[in-house]
Every structure is written in structure tokens, then in C-alpha cells.
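Input: a single structure, listed below in C-alpha cells.
All ligand and atom numbering here is 1-based and tracks the order in the structure. The figures that follow rest on heavy atoms only: side chains count, while hydrogens, waters and symmetry mates do not.
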Amino acid sequence: MLSPSRNAHDSYSSYGKNKNRQALSAYGSNGSVQLNKQKAPKITCKLLLLSLLESICKLSQKNPENSQNMFLYIAYSLRNSGLVDDEFSKDYEAIRVAYSGALHELLAQAHNANISHVPNEQLLSLNKPSSFMSSLSNESAYSTCEEPFESAPFPDSVDAFANIVNHVSSHSDVSDSTFLKNSPLNLSRLEDYLSPNSSNFEKLYNVQKSRYSSDFEELELLGKGGYGYVYKARNKFDGVDYALKKIPLTLRSLSSSNMFRESRILARLNHPNIIRFYSSWVEIEPYHHNDPAEFDSTCTEDLLGSRSNDSNGADNLLFDIETDSLNHGYSNTNSVQVVFEEDSYVKKIDPSFSTKQSTCSLAALFSGYKDTEPEYSKSHSFEKSFADDDFLYYGKENRSERLDKFSLSSKNENSMTHDVPCFDQRPICLYIQMALCEETLEIHLNKRNKHFRGMLPKNLRNRYILLFSRILEGVMYLHNVMDLVHHDLKPRNIFLSSSASSEQGSVRLPCFTGKPLVENEPFENRFFVPKIGDFGLVLSQSDVGESSEENGGFYFAGTHTYAAPEMLSRHMKAQSIKNSTAIDVYALGILFFELLYPFGTRMERVSLINNLKKGLLPEEFLEQMPGEASLILSMLSSPAKRPTAAQILKTPIFSNMAVNELHLYEALLDDAQQQNKTLKKELEAMKMRMDSTSN
Ligand SMILES: Nc1ncnc2c1ncn2[C@@H]1O[C@H](COP(=O)(O)OP(=O)(O)OP(=O)(O)O)[C@@H](O)[C@H]1O
């Protein structure tokens, strides 16, 4: 029986019989590449072992049901022996598939690497895990060796697979039963699949190729969020461009039931004002990824709107909930902390999970950490480069831990448990395919605010009121129909999708270019549908209370500017449990004010929003929009007093259909004026042509 302390490396080395196998053992026993030790995250090893066994079962049994039963039999036996937990369940299937795809890819590389010509000495001298497979795949490296190559029988894959299975079966309860004896592994079938000359191997290998790289052409990086990167990618079959969010799965997420929460929730949502979801899957980050340098250039200032590029302005303040005191710098204590990250965005995007080289690190494969630190993390302060505007995260997992999730380099022992499990230095990513939107509301408002300050012209006010009513409809759907709380409503999480005039939920908005306007030149107007996105923090209303209890007490993540006071205070926790949807209403109150009152500068924004939180609104706003003003103040009142999204929609500001009708008439008028202009121009041109011909 395998003892629970035995690890993947031991399993590998224990079946070595010949010289090269000894070489492999020796390689493994070298201190720098030992896979056991404290570093190998257990769950990664267990998932790897199970995905390997699952592949073997699939290969050995033609009938899928039999292979599933065989796999479950082995998995249950391993669980009884304490070697695995429930990593063989359906919940982990996507991860196992991703791992087995990567294992097959590795196998194919090994087959193609002409490994029979590797001299023992070279194997023995390789003590860098990442150089191991890269040397194998680099034939020229061998040709420089003086000693003639010994054609020693490096354990071929079929043999290795069989040995692992035999090892598992002889060391587990499986051997006690007649199951395997009655249903032995069909090694000839295995061989058929694994032989590089076999068409089956090709088939298998192709099937396991990355869905992302086979189905999509990556076009550009759209942005990064607190949990991953979003790319614009074209589907090779339908030719449509989508937004693809790549979220590196962390060890924490692997061991939690919330692993696929965002995609599972998005898949159930169906509303014109909620971002459209297409599909999601898990795979190991494909090779041939963008060079980090490319990320710098793809992330343009335009894309980021007015986010500051000045990392020096990053003011990281720790707010201790217990003492209500503010500290500068970072603390390692376990006390509950709120981390405010005000205006600390920097231009540099740091896709730390991207790898260029197709080298294989066995240590990384089993331990889930990157053994070599990426260059960019040496030259840049990772925390600063990752800090995002105004994001707030607190609980026992503090800010630096949150950021660590994206760092494959293990900076210290403590961060290991939050690290990203990877294969061959490539992380396992969850991919979410969504509708591509034109821009975020944040970017739209930033451009708009270059033209307006203070009170908006009357004709524009109505458009933003209508836009807000569309957002409210989306929120009402989340609250009343889906029983969800978004938890992170803000302009950056509302997307504007171009639409036809007739599309449900559309609003006609001016298209601001961000450039100064020529005087009296009208704005071009287009129809957009506002769509609520980024469901990374969404919770069901009943889970809000539980999440507060997470980590032994107090836990929340969100954005400071839009965070309701009850999210920031342990003492008000009870209120947030009873009125969980009120958290979103508070954020909407701030957002409504931002829609109706353009800020000139960032400082002005901060001071006006701070005043608003104290119940103070600009005089001119109170005078000219009293209805809207009192609604906003009620949305920022105590949780029990805040109106619900449905109640807000029933107020005269929104229930009055005149807003809708007025909006449409305005749109028709705009169109007619535009047409008028074009016809006038055409008439002038015709007159000129006639004049010239008559002369
Ligand atoms: N469907 C989409 N269409 C177009 N761009 C998108 C889409 N989804 C995301 N983006 C872009 O990618 C960026 C990152 O999005 P993401 O949802 O991961 O995080 P975020 O909302 O910016 O931050 P956080 O998750 O920390 O709140 C967005 O700011 C936006 O610029």
C-alpha cells in the first residue's frame, strides 16, 4: 500500500530498473528538484494522479461506462487509502481534463524529442527542472556532447503508464479485488494509442489540444481585473469577436466550491441588460502566448480611460476594522483589514501567468509553482503594477495575498497556498466567453466629462436617466428573479454594447471621442445597451450572511467608493445580512449621481462623492433636479430605509413613460436633422455641378 506521505516523485523513481531509470531517480533525488517536500501542493498532485489514471482507464476500456466505473473503482480505493479526497468528483472533472490534455501534450513532446539518444551523464547533470525537458527537446544540445550517445532504454511512455498503474494497483486496495484481474489493462491498445506512429496517437493528441488556441484567434488584450485578464478573440468558426476572460485558478479556488461561480451564475442569466455569456471551460494556458512586452503596448491609455498611470500616487492605506485606525504600509497580522487602493492604477499590465518558452519543469508540474522568477517581476513592483483603481478587499486574505494569486513565482513560503497550480509552468485557467462590448461606462463617462462639468444640458440628462433605468432593470432582475446580489456595481462593471435602435434595453447616447469638439459641432449619436458585467463577487442573497462569517468572522471584497457603510463595519454586519440587496442600491445611488453630474477632475470626484456620502449635494443639483436629489439621498440612507430597485423604478422619475417617449422623439428629431444636413450638402453639390456644366 502506498503510504499517504509518498509523493508523485517517489512513484516515478520507484519503478526505475535500468540505468536511465536510475538517472531519473537520481535526478529526482537532487535537492533542487525534489517534488515532495513541503512545496508540492497536495491538491495538484492528487488531481494529476487522478487525471493520469482517468486517461489510462479511458484508453484501456472502449466502453465509456466501463472506463468510468474502472476509474471510480480506483479512485474510491485511493480515497480509502487516504491518498486522494474527492478530487475524482464531477466538480473537478474540468481540471482533470485540462491536466490530462497537458500530460498528453508532454508525452507527445517526449516522443518527438528522440529521447533514446540522451546520455545518462547529461540526465544526471541536469539539476534545473526547467532545463530538463528543454534539453530533451533541444537535439542540438546533445550533439555537442563528446561521449557517444548510449541508446539506453529511457522508460518509454507505455511502460511508464503501465508501471504507474501496476504500482497503484499493487499498493492499494485495488489489488485485493478481482476487478483488475478480470479487466486487465489492454496494453496493446495503450501502445496503439501512445505510439507516435499510430494514427490513434495523433487523434488523441489533437483532441487534447487547447480549445482556446484551436477555436480562437487572440486579437488584443482588453484589460485586466482583480481576478484575470480579458482578451478580444475571434472565433475561427463563426467569425465573431468575443471577450474572453482568463482566470488563473488558484489553489484556494481549487479547494473551494466557488471555483466556477462566475461562469455558473453567468450561464443562468438571461436579460438584455446583463452581459451575454456563451460558454466556459478549463484548460492549461496554451503555449505561444503573448510576450509580456506585448501586453504593455496593447494596454493603451485610451483603453484605460483616465486611470492614472502614476504608480507613485498609489496610496495604500490599511484600515483596521477593529480599531477604525488608518495605517500606511502593509501588515502581516491576521487581523481583519480593509485595503483601500485609491487611484493606484499603473499602465503596466503584468500577465504573470503568461509564458513564452515551451520548457517543461517537472517540479513546477507537481508543485504548482514557478521555479524561475519572471523578469518583469524583478524589475517592477508587482503589487504596484497590479493595483487597480479603488478596489477593496478585506478579510483574513489581505491585499498582497490577493495579488499573489496571480504570481506564479513563489515569493515566500506563506504565499504558496494561494499560488496558481500549473503544468509545465503554465497555469490552469478558467476561460469565460462573453459578448464583446464597445466600452465600459467608466470610459464613456471619462470621455464625456472632458466636455461637460457640473449640470448636464437638459437633453442629455434624460438620456442618462433612461440609461440608469436600464441598469436598474438589470439589477431588479438579479435581485428579484435570480435572488443574487452583484456586490461590485460601478461604472467599470457596466458595459456599453452597440445596438440597433429597436433593440430591447437600448439608449441613444452621444459618442464622445475624448478629443475636444469643434464649436457647435453636434455629437454623433448611437444606440447602446448597457449591460451589467463582472460577476466575480456575486453572491446569492442567502449567502451574504455566510460570506460574512467566512474566515472566522468578517470578509468582503468590493470597491471602496461604491461600498455601502455596512460592508465596512463589523458592527453593521447584521444589517447587511437582512438587507443584502441594499448593498447594490447604495452603489447605484453613487452611480446615478455620477451619471447626472460630470466631474471636472479626480479630486473633484473624490470630494463630491465624499460629500454625497455625508448627505450633501451641490446646490445647483438640488435646485435643478430635486426629485433625483432626494432619490439619491434615500439610496444612500441606512440599509433598511433604502428603496429597492423595483421601488426606484416606480418613482415618477422612471415610471413616467414620457422619459422613454421623449427620448425616442429626440432620437427621431436627431436623425431627421442629420438627414436634412446630408440632403442639403447633396443639393449644394448638385447645384455646383449644374452651374459648371451650364458655363
Ligand atoms: N465583455 C467585455 N467586452 C469588452 N471589454 C471587456 C469585457 N469584459 C471585460 N472587459 C475589459 O476587461 C477589463 C477587465 O474586466 P474584469 O471584469 O476582469 O475586471 P474589472 O471589472 O475591470 O475589475 P475587477 O474584477 O477588479 O472589479 C474591463 O475593465 C474591460 O476594460
Mark up the atoms of ligand 1 that fall under 4.0 Å of a heavy atom belonging to Asp488, in ascending order. 27 (O)

Should Asp241 and Arg234 count as an ion pair when the cut-off is N to O under 4.0 Å? yes

For the pair Lys232 and Glu218, find out whether any cationic side-chain nitrogen is under 4.0 Å from an anionic carboxylate oxygen. no

Got an N/O contact under 3.5 Å between Val230 and ligand 1? no

Answer side chain, backbone, both or neither: which part of Lys224 comes under 4.0 Å from ligand 1, heavy atoms only. backbone

Over 60° means perpendicular and under 30° means parallel, so tell me whether Tyr212 and Tyr431 are parallel, tilted or perpendicular. tilted

Relative to each other, are the rings of Tyr229 and Tyr231 parallel, tilted or perpendicular (30° and 60° limits)? tilted

Any idea how Trp281 and Phe216 line up, ring-wise: parallel (<30°), tilted (30 to 60°), or perpendicular (>60°)? parallel

Proximal ligand 1 atoms for Ile275, defined as those under 4.0 Å from one of its heavy atoms: 1 (N)

Can you name the atoms of ligand 1, numbered from 1 with element, that are less than 4.0 Å from a heavy atom of Leu222? 4 (C), 5 (N), 31 (O)

Which of the numbered atoms in ligand 1 are under 4.0 angstrom from any heavy atom belonging to Lys245? 16 (P), 17 (O), 18 (O)

N/O donor-acceptor pair under 3.5 Å between Glu473 side chain and Asn273 backbone: no

Heavy-atom contacts with Lys490 under 4.0 Å: which atoms of ligand 1 show up? List them by number with element. 27 (O)

Going by the 4.0 angstrom heavy-atom rule, the piece of Ala243 near ligand 1 is side chain

side-chain hydrogen bond (donor to acceptor under 3.5 Å, both in side chains) between Asp584 and His479: does it pass, once the steps are laid out? CA-CA 9 Å; Asp584 283 347; His479 289 180; 2.8 Å; yes

Give a yes or no on whether a salt bridge exists between Glu566 and Arg642, defined as a side-chain N under 4.0 angstrom from a carboxylate O. yes

Examine ligand 1 and decide if any of its atoms is less than 4.0 Å from a heavy atom belonging to Lys531. no

Between the candidates Phe495, Phe535, Tyr242, Tyr229, which shows the shortest non-hydrogen contact distance to atom 9 (C) of ligand 1? Phe495

Which of the ligand 1 atoms, numbered from 1, are nearer than 4.0 Å to a heavy atom of Gly223: 12 (O), 13 (C), 14 (C)

4.0 Å heavy-atom contact, Ala435 with ligand 1: yes

